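This report concerns only the one structure given below.
Labels below follow one simple rule: chain letters A, B, ... track the order of the sequence lines, proteins then strands, and each chain is numbered from 1. The analysis underlying the following values was restricted to heavy atoms, covering all of them including side chains, and did not include hydrogens, waters or symmetry mates. All values reported here derive from a predicted model rather than from experimental measurement.
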Number of protein chains: 2
Amino acid sequence: MRSRAVCAVMSDDELGRLSKLTQNQTYAPGEALFFEGDEAGACFIVQDGALKLYKLLPDGRRQITGFLFKGDFLGLSPKEEYGFTAEVLEEAHACVLPAERMDELIADYPKLSNRLLNLASMELASAQEQMLLLGRKTAQERIASFLLWLSQRAADRGEESNPVRVPMSRSDMGDYLGLTVETVSRSITKLKTTGVITLKEGNRIEINDPELMTAIAAGDGC
Amino acid sequence: MRSRAVCAVMSDDELGRLSKLTQNQTYAPGEALFFEGDEAGACFIVQDGALKLYKLLPDGRRQITGFLFKGDFLGLSPKEEYGFTAEVLEEAHACVLPAERMDELIADYPKLSNRLLNLASMELASAQEQMLLLGRKTAQERIASFLLWLSQRAADRGEESNPVRVPMSRSDMGDYLGLTVETVSRSITKLKTTGVITLKEGNRIEINDPELMTAIAAGDGC
DNA sequence: CGGAAGATTGAAATTACTCAAAAGGTGTGG
DNA sequence: CCACACCTTTTGAGTAATTTCAATCTTCCG
């Protein structure tokens with residue numbers, strides 16, 4: 001139950017109290033924790049599994065705004081409604097913090113507020129990084145950036161980072177990177193052909209030359 | 001000195017104390033408050049004027065991640081270094097909060113931390129909106145979305161919202177919307193030709209049909 | 001008024017998209 | 001265990017939106 005990411009600042013005592021306020025839930029792949037537009041009634045701490053967050057345009061175009069893993073926090077909303085849908089990618093467990101409880105909790109534990117501010121600040125920085133990717137990088141650069149990010153996040157969670165497991169479909173990657181499925185596939189094929197990466201068993205990808213990969217991701221590649 | 005956006009939660013007493021911890025600065029157009037990679041030494045509250053925030057790729061490609069106006073807050077960084085450059089668009093006044101003072105302040109006024117969390121949460125939501133724009137909208141839709149946003153922000157500050165003043169260059173708009181200057185210009189010309197907007201004196205743009213404009217922005221336009 | 005920067009317009013090139021089909025994987029049921 | 005259906009991924013060919021390169025026009029200051 002203890003989350004490195006959110007609860008690192010809390011004492012065991014505080015954690016004990018926290019656990020009384022929350023309930024654990026299990027979510028199956030394809031299931032939604034909540035939908036864009038739903039009343040923002042709770043926050044969540046991801047215990048394990050993987051989620052995708054996305055927004056839709058009226059005609060169905062989709063933008064995935066983030067992938068979440070073990071330890072990640074979600075659900076804070078500046079409005080009364082959630083601004084995105086949270087859907088399960090791989091079976092997930094999450095603890096649910098009803099909004100009213102969040103308020104009590106924050107009132108009682110000022111440190112928690114600081115911690116959440118810190119997390120929000122990190123998310124904001126990566127959102128800006130993603131804007132740079134979406135606004136100014138080529139397809140090739142986007143794919144390279146994404147695979148490196150995935151690898152880094154796996155490392156942060158203490159999981160194998162190279163080869164890195166890629167739990168999302170090409171379609172999800174496309175909707176995250178502002179590309180079509182076909183372009184994602186072609187870009188990956190090109191990286192494979194040039195020997196920068198190798199596709200492995202079990203949806204894993206080996207980054208053969210991390211330095212070159214980093215250079216490609218930054219547009220310094222060729 | 002009193003900022004609606006950041007300081008709304010503080011009492012006059014607290015504001016008095018705050019003013020002792022800060023200093024006011026004036027910045028000229030083109031000047032930078034700080035550069036990407038600089039040590040993150042201070043936070044800022046924009047008193048008036050306009051700023052742009054941007055990130056660069058090694059080869060000079062630029063992504064503007066935000067425009068800031070009166071009342072906006074900036075400078076929180078999850079790392080030791082700023083993640084972007086903050087440059088002045090129109091002469092600005094800002095009050096500067098050295099990082100050490102920020103820590104004291106947050107320790108003394110827990111409400112401030114909550115307020116900052118709330119602001120960060122709003123920024124995060126608009127960052128996600130921007131990802132949708134950059135990843136999935138056409139040039140036309142991006143321009144329409146941007147002009148509506150600009151108009152809304154002006155309204156929030158109590159300024160004239162229609163016609164709306166556009167204080168940034170076509171080049172800045174392009175780097176914010178992930179487009180080239182030429183595409184920005186052509187898209188605006190098209191909106192002008194179809195009668196949805198009218199270009200006015202003093203870099204102002206009139207939105208003749210806000211409903212249609214909103215439809216265009218959402219991709220429901222035609 | 002003159003010069004420089006910014007904005008617009010035109011034509012050609014390119015990247016990524018669309019449409020289409022084949023190949024590869026996975027799970028179910030015979 | 002194989003056959004089939006379904007879904008994802010890959011590959012191919014043609015198209016379209018946006019970029020690039022180039023030139024002209026406008027605006028803004030000194």
Side-chain angles (χ1 to χ4, degrees), chain A residues 28-30 52 57 59-63 89-90 133-147 166-194 197-205 216 219 221-222, chain B residues 28-30 52 57 59-64 89-91 133-144 146-147 165-194 197-205 216 219 221-222:
Chain A
K52 60 188 174 193
L57 286 171
D59 65 1
R61 280 174 284 174
R62 183 178 70 149
Q63 179 65 38
L89 211 58
E90 291 188 313
L133 178 150
L134 292 169
R136 288 301 179 216
K137 289 189 182 179
T138 65
Q140 193 79 183
E141 292 160 4
R142 293 180 200 198
I143 296 291
S145 302
F146 176 70
L147 292 176
V166 180
M168 63 288 291
S169 68
R170 298 289 186 261
S171 170
D172 285 342
M173 289 175 60
D175 283 347
Y176 182 58
L177 300 173
L179 302 169
T180 58
V181 187
E182 295 92 329
T183 301
V184 169
S185 180
R186 276 185 253 269
S187 300
I188 289 177
T189 300
K190 193 170 171 192
L191 286 172
K192 188 177 60 178
T193 307
T194 56
I197 61 171
T198 308
L199 271 60
K200 302 217 148 187
E201 179 87 338
N203 292 320
R204 292 179 313 148
I205 294 184
I216 292 173
C222 336
Chain B
K52 59 187 175 195
L57 286 171
D59 65 2
R61 277 175 287 174
R62 184 177 69 147
Q63 179 66 36
I64 292 182
L89 213 58
E90 292 187 314
E91 175 162 296
L133 179 149
L134 292 169
R136 289 300 179 217
K137 290 188 181 180
T138 66
Q140 194 79 180
E141 291 161 3
R142 294 181 200 199
I143 297 290
F146 176 69
L147 292 176
R165 210 167 57 81
V166 180
M168 62 290 290
S169 68
R170 298 288 185 264
S171 170
D172 284 343
M173 289 175 61
D175 283 347
Y176 182 58
L177 301 173
L179 302 169
T180 59
V181 187
E182 295 93 329
T183 301
V184 170
S185 181
R186 277 186 253 267
S187 300
I188 289 178
T189 299
K190 193 169 170 193
L191 287 172
K192 188 178 59 179
T193 307
T194 56
I197 61 170
T198 308
L199 272 59
K200 301 219 149 185
E201 179 87 339
N203 290 321
R204 292 179 315 149
I205 294 183
I216 293 173
C222 339

For this session: Measure from the side-chain N and O atoms of B/R170 to the backbone N and O of B/V184, and report whether any donor-acceptor pair falls under 3.5 Å.
Result: no

Exercise. Okay, side chain of B/S185, backbone of B/V181: is any donor-acceptor separation there less than 3.5 Å?
Worked result: no

For this session: Could you tell me the separation between the CG atom of B/D172 and the P atom of C/dA5, rounded to a whole number of Å?
Result: 16 Å

For this session: Mind checking side-chain hydrogen bond (donor to acceptor under 3.5 Å, both in side chains) for B/R136 and listing every partner two or more places apart, or none if nothing turns up?
Result: A/D175

For this session: Could I get the full list of side-chain contact (heavy atoms from CB on, under 4.5 Å) partners for B/T183, not counting sequence neighbours?
Result: B/A139, B/L179, B/T180, B/S187

Problem set entry | Partner set under salt bridge (charged side-chain N to carboxylate O under 4.0 Å, His left out) for B/E90, not counting sequence neighbours | B/R165

For this session: Take atom CZ of A/R136 and atom P of D/dT19, then tell me their distance rounded to the nearest Å.
Result: 7 Å

Seminar exercise, completed: With sequence neighbours left out, the residues meeting side-chain contact (heavy atoms from CB on, under 4.5 Å) with B/T138 are A/R61, B/Q140, B/E141

For nucleotides 24-27 of chain C, give me every protein contact, N/O to N/O, under 3.5 Å, one pair per line with atom names.
none

For this session: Using a 4.5 Å cut-off on heavy atoms from C-beta on, say whether the side chain of B/R62 contacts that of B/L57.
Result: no

Under 3.5 Å between N/O atoms: give me all the protein pairs with nucleotides 7-10 of chain D, atom names plus distance.
residue : atom : partner : partner atom : Å
D/dT9   : OP1  : A/R170  : N            : 3.4
D/dT9   : OP2  : A/R170  : N            : 3.2
D/dT10  : OP1  : A/R170  : NH2          : 3.4
D/dT10  : OP2  : A/R170  : NE           : 2.8
D/dT10  : OP2  : A/S185  : OG           : 2.9
D/dT10  : O5'  : A/S185  : OG           : 3.1

For this session: Could you state the atom-to-atom distance from CD of A/E141 to P of C/dT15 in whole Å?
Result: 12 Å

For this session: Take atom CG of B/D175 and atom P of C/dG6, then tell me their distance rounded to the nearest Å.
Result: 12 Å

